Student: 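One structure, as structure tokens, below. Some questions next.
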Amino acid sequence: MAANLLDFDLDGLAAFCEQLGEKRFRATQLFRWIHQKGASDFDQMSDLAKSLRGKLAGSAEICGLPILSEQASTDGTIKWLFDVGNGDAVEAVFIPEEDRGTLCVSSQAGCAVGCRFCSTGHQGFSRNLATGEILAQLWHAEHHLRGRLNLAPGERAITNVVMMGMGEPLQNYDRLVPALRVMLDDHGYGLSRRRVTVSTSGVVPMMDRLRDDCPVALAVSLHAPNDALRDPLVPLNRKYPLAELMDACNRYLDKAPRDFVTFEYCMLDGVNDSEEHARELVALVRGKVSCKLNLIPFNPFPASGLKRSPRERVQAFAKVLIDAGIVTTVRKTRGDDIDAACGQLAGEVRDRTRVEQRMTRAPIAIVPRPASGPARSQGSR
Ligand code: SAH
Ligand code: SF4
């Protein structure tokens, strides 16, 4: 079977080229053609020897993901739905701002964590994405957008990546890390570690590994100030409770490219949004973890049975945090008109039989969720 070259970081590609009897610098040239120029055809790679192009044609391919749909919002947000086979689909969302362009990328088809307020969680877990499937989202978006936005040669469309699409990235660790390396590689997308953010619901052992293997900016989905409330909202909390999670954040900060962790907190009406909860949150983090708080208005979906907190309650909650000296932002929802905000990405599934099975298991809306932008406070988009 032909190897998909999108599956390799530069070291992996060099090892592959060595098997073909080629030197490492050939791998670098090939890598640049793929990621910097968006080439998918070996014949385009004019500075590679014909003999190498022949060998590649016989053993490798550059295989992106089929696109099921593309939707553009009036605010410039663009959402792609990619087919990952077997009736599953994943989404990536581009969020343009004045000074940056952020791509929100998926790491899994579905998610096994099963958070109460998340449409992906309700969908259940289908499978991990391969490194090449994670990168295919960026590869397509970057090269498509360069043409669409009429960028000058060398100009980048995507300046920030946030692993905040579908799935729990740290439960797909072995495929995630090579993908992050390609994003960071100067011969790849050349993004700085501060501009690549991994968002996790708190897989403590993998946070430690990420710190050692490939430290990038970290966002942690908190959503509750105590274990009694976090247990039902983020079931992973039963395995890695808040005290352990806070310790892991501090260990991460030893090597992190930013000197704070971004805590994400989804505001759920009458569940976790009182001023008392805010005070408990202050007690949990103040003087203990260097952090910023990002309050996310809940994006509802029918089966959740939950509601978005009213604006005044979000403001009151934010005020308690700000008065306590904690940098706090309220996330702006983007791409509302194309269902592209956080927590509603369920992937539109083509195989309706499968949809019905899922609906029986967990009756959810099989519509793409709006994926809004990442935390402004962390400068990640
Ligand atoms: N699994 C990872 C990353 C993907 S979720 C994580 O949980 O961190 C990205 C962010 O969207 C998380 O902070 C998540 O809590 C938030 N989110 C999930 N469902 C949401 C919803 N319905 N409304 C608003 N935010 C949501
Ligand atoms: Fe998974 Fe994150 Fe959704 Fe929780 S919020 S179910 S961890 S994708």
Side-chain angles (χ1 to χ4, degrees), residues 90-93 95 102 104-126 128-129 134 161-173 176 197-203 206-207 210 217-224 230-237 239-240 245 249 261-269 271-273 292-309 314 329-336 339-347 362 364-365 367-375 377-378 380-381:
V90 298
E91 290 175 314
V93 182
I95 306 127
T102 300
C104 179
V105 171
S106 294
S107 56
Q108 299 180 314
C111 182
V113 178
C115 299
R116 260 298 305 280
F117 49 86
C118 175
S119 169
T120 309
H122 275 243
Q123 179 187 359
F125 177 68
S126 284
N128 283 321
L129 297 189
I134 297 173
V161 170
V162 293
M163 296 302 306
M164 293 186 183
M166 298 166 71
E168 169 48 57
L170 295 188
Q171 287 190 337
N172 188 13
Y173 188 82
L176 171 74
T197 300
V198 167
S199 176
T200 181
S201 54
V203 191
M206 295 301 149
M207 289 165 66
L210 188 67
L218 183 69
V220 172
S221 296
L222 207 54
H223 310 309
R230 196 167 187 264
D231 279 351
L233 289 178
V234 184
L236 196 66
N237 194 67
K239 201 161 179 192
Y240 306 113
L245 182 56
C249 289
V261 171
T262 301
F263 287 129
E264 295 164 281
Y265 196 104
C266 183
M267 300 293 290
L268 303 165
D269 185 20
V271 175
N272 63 356
D273 61 349
K292 293 188 178 179
L293 247 296
N294 191 223
L295 305 180
I296 314 173
F298 171 61
N299 293 306
F301 57 99
S304 72
L306 298 163
K307 284 192 289 194
R308 179 183 285 192
S309 303
V314 177
T329 47
V330 179
R331 185 179 293 177
K332 201 169 55 178
T333 297
R334 296 285 300 263
D336 261 346
D339 278 353
C342 278
Q344 292 179 325
L345 302 175
I364 55 157
V367 290
R369 81 187 177 187
S372 94
S377 57
Q378 69 198 38
S380 58
R381 63 172 177 154

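Start at 1 and go down the list; that is how both ligands and their atoms are numbered. Not measured: the values here are computed from a predicted model.
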Student: Would you mind telling me if ligand 2 is within reach of the side chain of C115, the backbone, both or neither, using heavy atoms under 4.0 Å?
Tutor: both
Student: Kindly indicate whether the side chain of L245, heavy atoms from C-beta on, has any atom under 4.5 Å from the side chain of R230.
Tutor: yes
Student: Can you find a heavy atom in the side chain of M163 that is under 4.5 Å from one in the side chain of I134?
Tutor: yes
Student: Within the structure provided, determine whether L268 and L233 are in side-chain contact (heavy-atom separation under 4.5 Å).
Tutor: yes
Student: May I ask you to decide if L129's main-chain N or O and N172's side chain share a donor-acceptor pair within less than 3.5 Å?
Tutor: yes
Student: Relative to the heavy atoms of N299, which atoms of ligand 1 are at a distance of less than 4.0 Å?
Tutor: 21 (C), 22 (N), 23 (N), 24 (C)
Student: Is M166 touching ligand 1 with its side chain, its backbone, both, or neither, if touching means heavy atoms under 4.0 Å apart?
Tutor: neither
Student: At less than 4.0 angstrom from any non-hydrogen atom of G114, what atoms of ligand 2 do you find?
Tutor: 6 (S)
Student: With a 3.5 Å distance limit and no angle check, can you tell me whether S106 reaches the backbone of M166 through a side-chain donor-acceptor pair?
Tutor: yes
Student: Would you mind finding which of S221, G202, C111 brings a heavy atom closest to atom 1 (Fe) of ligand 2?
Tutor: C111
Student: Assess the side chains of E168 and T200: does a donor N or O sit below 3.5 Å from an acceptor N or O?
Tutor: yes
Student: Under a 4.0 Å heavy-atom limit, does T200 contact ligand 1 with its side chain, its backbone, both, or neither?
Tutor: backbone
Student: Within the distance-only criterion (no hydrogens, no angle test), does the side chain of R116 pair as donor or acceptor with the backbone N or O of S304 below 3.5 angstrom?
Tutor: yes
Student: Can you tell which part of C266 has a heavy atom less than 4.0 Å from ligand 1: side chain, backbone, both or neither?
Tutor: side chain
Student: Short check: any N/O/S atom of C118 below 2.8 Å from atom 4 (Fe) of ligand 2?
Tutor: no
Student: If we set the cut-off at 4.0 Å for heavy atoms, which region of I296 has an atom near ligand 1: side chain, backbone, both, or neither?
Tutor: side chain
Student: Closer than 4.0 angstrom: is that true for some heavy atom of G165 and an atom of ligand 1?
Tutor: yes
Student: Do any N/O atoms on S119 end up under 3.5 angstrom from N/O atoms on ligand 1?
Tutor: no
Student: At under 4.0 Å between heavy atoms, is it the side chain or the backbone of E264 that contacts ligand 1, or both, or neither?
Tutor: side chain
Student: Check ligand 2 against S201 and write out every atom of the ligand that is under 4.0 Å from a heavy-atom position of the residue.
Tutor: 7 (S)
Student: Between S199, G121, S304, flag the one that comes closest to atom 2 (C) of ligand 1 by a heavy atom.
Tutor: S199
Student: Give the numbers and elements of all ligand 2 atoms closer than 4.0 Å to a heavy atom of G121.
Tutor: 6 (S)
Student: So, does Y265 use its side chain to make a donor-acceptor pair with the main chain of D273 at under 3.5 Å?
Tutor: no
Student: So which of P169, S221, C115 gets nearest to atom 8 (O) of ligand 1, if we judge by its closest heavy atom?
Tutor: S221
Student: What's the separation between atom CD in E91 and atom SG in C104, rounded to the nearest 0.5 Å?
Tutor: 9.5 Å
Student: Between N272 and C266, is there a donor-acceptor pair closer than 3.5 Å when you use the side chain of the first and the backbone of the second?
Tutor: yes
Student: What atoms of ligand 2 come within less than 4.0 Å of a heavy atom belonging to G167?
Tutor: 8 (S)
Student: One residue to check: P297. Relative to ligand 1, which of side chain, backbone, both or neither has a non-hydrogen atom less than 4.0 Å away?
Tutor: backbone
Student: Looking at C118, which atoms of ligand 1 are within less than 4.0 Å of one of its heavy atoms?
Tutor: 18 (C), 19 (N)
Student: For F117, take its heavy atoms, then give the atoms of ligand 1 lying under 4.0 Å from any of them.
Tutor: 15 (O), 18 (C), 19 (N), 20 (C), 21 (C), 22 (N)
Student: G167: heavy atom below 4.0 Å from ligand 1, yes or no?
Tutor: yes
Student: Using a 4.0 Å cutoff against the non-hydrogen atoms of M163, which atoms of ligand 1 qualify?
Tutor: 3 (C)
Student: Given 3.5 Å as the limit, does a donor-acceptor pair link the side chain of H122 with the main chain of G114, or not?
Tutor: no
Student: Heavy-atom distance under 4.5 Å between the side chains of P297 and M267, does that happen here?
Tutor: no
Student: Would a 4.5 Å heavy-atom cut-off, applied to side chains only, mark T329 and K292 as touching?
Tutor: no
